[in-house]
Amino acid sequence: MTNNIVVLGAGVSGLTTAYLLSQDPSNKITVLAKHMPGDYDIEYASPWAGANYMPVGKEGSAHHKWELDTWPALKEITEKYPEAGIHFRATLIYNRKKDQETDTGKWFSELTQPNPWYKDVVPDFKSVPSDRLAPGVDNGQEFTSVCINTAVYLPWLVGQCIKNGAVFERAVFKHIADAANAHHTGQKADVVINCTGLSSKTLGGVTDDKMYPARGQIVVVRNDPGPMMSTSGTDDGEDEALYIMTRAAGGGTILGGSYQKHNWNGIPDMNLANRIMKRCIDICPSLVKEGQGIEGLDIIRHGVGLRPLREGGTRIEKDKVDGVAIVHNYGHGGFGYQASFGCAYSAVSLVKEILQNKSRAKL
Ligand code: FAD
């Protein structure tokens, strides 16, 4: 028996879900999306991400499990498929207790605490000795993580899906149920997987009011400082952030950032860009030559992406809209890559439940 499946959305959530489902030859998959890898658009979060693995899920939560389950998959891809554009990178995290109550501090609270759950997941975890901490930093840790070149990794996922028989088509839907009628076979889809990110706020049949953006501004530069680093906050504003990560395969270094909730502005703010560059050099002088300031940065581009946050957390659940079976997988905030496989495993197991019920109904 074959299963006709539509995946709506070609960001990291849709592509990872399609990649897993495409490994079963009985699944005939159509990936439909307004934006595809190669596009840069404010409605498409995935290309803008750094992206790295810096876990933020609270211990014991579903989010914790999704991140836990994602590390082995990212590690395996990094080791086995260099063409996927992911590399291992030394990582430094600095925590200042004074950031605890800020938006950025809360976002990073699990990441920056001295004894986090992920210490047993990522390799080489150790605390930074206090005599190596800058003034004002209360604790720090180092470990090995990954940095994903999204401009290489997203097309790699597309390639894996196509190799397994999936079909990709551009399409824009006003209502989720309409996607069931757009399967490439011409038959109605048995299930539609909703991976539309922030657009789930307005997509007919979903219209999820709990969705809102956390605006992230970045500067991409050619300079390469070595390790990745991040802090719990900055002195420039409660919704500003500080992180540095060099992407694999010549992808440049991402300097971040911001975490501006409910801000939809897609245009880079040059004052914020200056603050981002300045504080990155302050914490990591090796970004530029000795004695240089931001004039020593070789800028590739400025960028803004909207993290698809959801009050109450990511939505991975079954639904039925106008008679169409749906599995939702959206609302991944600032952790869509580092939770991608865990979330996709959960979505795939819901798809299997729907398909099993379909087979039983046909007997
Ligand atoms: P999206 O990438 O937004 O994809 C949505 C898809 O749905 C698109 O293909 C779109 O065209 C399609 N779509 C939407 N509506 C419709 C419609 N009506 N009809 C047809 N198609 C539709 N995460 C990490 O894990 N690590 C990081 O280091 C990291 N850094 C980040 C830095 C920044 C600056 C930003 C902005 C985000 C970062 N993230 C990071 C978060 C991560 O990028 C997101 O969580 C993730 O990209 C969300 O992916 P998605 O597939 O759910 O949504």
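Treat the numbers as computed from the prediction; the structure is a model and nothing was measured.
Using a 4.5 Å cut-off between side-chain heavy atoms of Ile, Leu, Val, Met, Phe, Trp and Tyr, with links allowed through other members, I316 and L198 fall into different hydrophobic clusters. Note: the hydrophobic cluster containing L154 also contains I162 (ILVMFWY, side chain heavy atoms under 4.5 Å, direct or indirect links).
When E101, K58, Q100 are each tested for a side-chain hydrogen bond (donor to acceptor under 3.5 Å, both in side chains) with S109, only one passes: K58. Each of N52, T150, T16 was scored for a side-chain contact (heavy atoms from CB on, under 4.5 Å) with Y337, with one residue passing: T150. Considering E110, E59, Q141, H64 in turn, Q141 is the only one that fulfils the side-chain hydrogen bond (donor to acceptor under 3.5 Å, both in side chains) rule with Y118.
No side-chain donor-acceptor contact under 3.5 Å links K289 to the backbone of S286. Distance alone, capped at 3.5 Å, places no donor-acceptor pair between the E142 side chain and the L92 backbone.
Contact check for T202 versus T207: no side-chain heavy atoms found under the 4.5 Å cut-off. Side chains of M277 and L297 form a contact here, defined as non-hydrogen atoms less than 4.5 Å apart.
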Determine, stepwise, if the pair D103 / E238 fulfils side-chain contact (heavy atoms from CB on, under 4.5 Å). CA-CA 6 Å; D103 278 345; E238 298 208 345; 5.6 Å; no
For I244 and I283, run side-chain contact (heavy atoms from CB on, under 4.5 Å): C-alpha distance rounded to whole Å, both residues' side-chain angles, the deciding distance at 0.1 Å, then the answer. CA-CA 10 Å; I244 301 172; I283 197 166; 4.1 Å; yes
What do the steps show when you test Y330 against D208 for side chain to side chain donor-acceptor pair (under 3.5 Å), and what is the final call? CA-CA 10 Å; Y330 67 85; D208 187 339; 2.6 Å; yes
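In this model, no donor atom of one side chain and acceptor atom of the other lie less than 3.5 Å apart for N223 and D298.
The two residues G303 and P268 make their nearest non-hydrogen contact at N-CG, 4.4 Å.
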